[in-house]
Each structure stands twice: as structure tokens, then as C-alpha cells.
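Whatever order the structure lists them in is the order used to number ligands and atoms, beginning at 1. Numbers here simply count residues along the sequence, with the first being 1.
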Amino acid sequence: MKLSDDIERVLISAEELEQINGELAQQLSNDYKDKNPIFVCVLKGAVLFLTDLVRKMDSPVEIEFMDVSSYGDGMESSGDVKILKDLDVSVAGRDVVFIEDIVDTGQTLKYLIELFKTRKAKSVKICTLLDKKENRVANINSDYVGTTVPNEFVVGYGLDFAEKYRNLPYIGVLKPEVYEN
Ligand code: 5GP
């Protein structure tokens, strides 16, 4: 089967993603040039974004991974955040940047930011590729935003539906029949 056959329309093309990443990388390189920050990538959706982003940066960054669950295989955020994989290093006294694929209700990040404050991180910022502002429940704002998206379920470039479509090179909207079945 071809993944692209399930896509109703492309929201952000591969070329646009490349440009967005370049702009974010430049801002981050400027802001963190002497800070050696820890970029905390939230698995698995943000992996493609992280790897493209850091390759465009010319300042030192450390990379760590965390796995949390708030969605399961469905399409609705539960607000109930569970840590499936924690960091391997201490964040005490460090500048942390959360690298996210998409901020939707914001509940996942709100939970993580509170947690990192108790762990005494020096600063905690958010860099998200996509911001679905309309759906926000938690009171959080991203410090670095690639672009905003409408309140639709998107896939591709790391984002999945039931673990599929992560390897599409662009961000798209699924045909309704794909998730109605
Ligand atoms: P939040 O806690 O902000 O509601 O949820 C954030 C997480 O929900 C994201 O990291 C992502 O895994 C998932 N998510 C939110 N909206 C979408 C979407 O439109 N498509 C996909 N594939 N995942 C989404």
C-alpha cells in the first residue's frame, strides 16, 4: 500500500518544513550559543524534527529522550500523562528545551514543565514544530513555534495514527475513511 493514498491534503510540504527548521535552528543557536542546553525530545513523534533541527545548528547541544503517553492509539488527549521512559541525566542547574512535534491541549508539556521545575532545571523552554492553539486546555505557551495548524488530526514527519504515517516526509491530513474504519 502507498501511505500517500491515505492523505486527503498536504498541510506543510517537505520544503516548507526544511525552511521552518532552518529558522528555528538559527534562533536556538543564537539564544543558546554559550549555554550547552539539553534538548529533551519527547518520543516518538518529535524524533524526525529533532534530528533535522540539530543538524542545522552550529552551537553545542546535548540530546536526551523521554517517552510519555497521553493518547494511546486514539485521537483524543486523555490529560493523564504517564512517564514510560525517563531521562538518563540530571537536569539540575541546566538549561532545558523540550522538543515537541505538536502542542495540542498542552497537558503533556504542562506536566513535564512542572516536573522539571521540581528537578531544579535552571530554565525550561518549549520548542514545538506545530502549535494547535485552538485546542489548548493547559495554560502554557511555546517559546519557539514552527507554525500553527488548524484543529485537525495531522500525520507525517514523525506524527502517527496508530503508529503509521510517521515516515511521510510532509505533514498532512488523513482521509476521514482511514480513521472512521
Ligand atoms: P497534548 O498534551 O498537547 O494534548 O498532546 C500532545 C501530543 O499529542 C503530541 O505530542 C502528539 O503525540 C499528540 N497529538 C496531538 N495532536 C495530534 C495530531 O493532530 N496528530 C498526531 N498524530 N498526534 C497528535
Side-chain angles (χ1 to χ4, degrees), residues 1 3-14 16-17 20-21 24 38-54 63-87 96-117 124-181:
M1 73 71 72
L3 292 177
S4 50
D5 288 344
D6 288 351
I7 300 301
E8 187 173 78
R9 66 181 200 282
V10 175
L11 267 188
I12 308 162
S13 68
E16 287 168 323
L17 287 169
I20 288 169
N21 288 340
L24 288 174
I38 304 180
F39 278 16
V40 177
C41 174
V42 184
L43 293 170
K44 303 171 203 167
V47 168
L48 279 74
F49 173 44
L50 170 86
T51 57
D52 282 346
L53 182 71
V54 293
I63 294 168
E64 292 291 333
F65 295 91
M66 256 183 121
D67 196 4
V68 301
S69 79
S70 59
Y71 263 61
D73 268 356
M75 296 169 75
E76 294 292 322
S77 185
S78 64
D80 183 18
V81 181
K82 209 164 68 185
I83 294 186
L84 304 175
K85 183 212 172 300
D86 208 337
L87 294 189
V96 172
V97 183
F98 276 109
I99 307 294
E100 262 285 17
D101 48 2
I102 186 165
V103 182
D104 183 18
T105 66
Q107 294 177 113
T108 310
L109 276 171
K110 178 148 179 85
Y111 175 87
L112 291 175
I113 288 168
E114 294 303 321
L115 177 69
F116 275 50
K117 281 187 185 157
V124 185
K125 303 266 175 178
I126 300 167
C127 172
T128 186
L129 176 64
L130 307 176
D131 193 354
K132 220 192 249 182
K133 279 212 169 89
E134 285 168 53
N135 225 13
R136 195 75 87 251
V137 174
N139 181 22
I140 60 146
N141 270 314
S142 298
D143 304 280
Y144 304 89
V145 178
T147 186
T148 54
V149 286
N151 191 12
E152 287 180 286
F153 193 79
V154 296
V155 295
Y157 196 62
L159 289 147
D160 74 312
F161 174 58
E163 295 303 324
K164 225 159 126 185
Y165 308 104
R166 291 195 200 275
N167 57 317
L168 281 172
Y170 51 79
I171 305 269
V173 179
L174 279 180
K175 290 178 179 163
E177 60 260 35
V178 176
Y179 50 84
E180 278 162 7
N181 284 334

Quick one: which ligand 1 atoms are inside 4.0 Å of a heavy atom on Asp160?
21 (C), 22 (N)
Using heavy atoms and a threshold below 4.0 Å, how should the contact between Val149 and ligand 1 be classified: side chain, backbone, both, or neither?
neither
Looking only at distances, please establish whether an N/O atom of ligand 1 is found under 3.5 Å from an N/O atom of Val154.
yes
Which distance, rounded to the nearest 0.5 Å, do you find between the CD1 of Ile83 and the CG of Leu115?
5.0 Å
Contact check, Phe161 vs ligand 1, heavy-atom distance below 4.0 Å:
no
Is a salt bridge present between Asp101 and Lys44, judged by a nitrogen-to-oxygen distance below 4.0 Å?
no
Only heavy atoms count here, so choose which of Ile102, Leu129, Asn151 is nearest to atom 6 (C) of ligand 1.
Ile102
Gly106 touching ligand 1 at heavy-atom level, < 4.0 angstrom:
yes
Under 4.0 Å from a heavy atom of Thr108: give me the atoms of ligand 1 that qualify, with their elements.
1 (P), 2 (O), 5 (O), 6 (C)
Please could you name the atoms of ligand 1 that Glu152 approaches to less than 4.0 Å, counting only its heavy atoms?
19 (O)
Under 4.0 Å from a heavy atom of Glu100: give me the atoms of ligand 1 that qualify, with their elements.
10 (O)
Name the atoms and distances for all side-chain donor-acceptor pairs under 3.5 Å in residues 165-178, with sequence neighbours left out.
residue	atom	partner	partner atom	Å
Tyr165	OH	Asp6	OD2	2.5
Arg166	NE	Glu163	OE1	3.3
Arg166	NH1	Gly158	O	2.9
Arg166	NH2	Glu163	OE1	2.9
Arg166	NH2	Glu163	OE2	3.1
Lys175	NZ	Asp5	O	2.5

Between Asp143 and Ile126, is there a donor-acceptor pair closer than 3.5 Å when you use the side chain of the first and the backbone of the second?
yes
Minimum side-chain heavy-atom gap Thr51-Cys41 below 4.5 Å
no
Scan Phe65, Phe116, Tyr144 and name whichever one has a ring pair (Phe, Tyr, Trp, His ring centres under 6.0 Å) with Phe98.
Phe116
To the nearest 0.5 angstrom, please state how far the CG atom of Asn135 sits from the CD atom of Glu152.
11.5 Å
Quick check: does Leu109 get an N/O under 3.5 Å from an N/O on ligand 1?
no
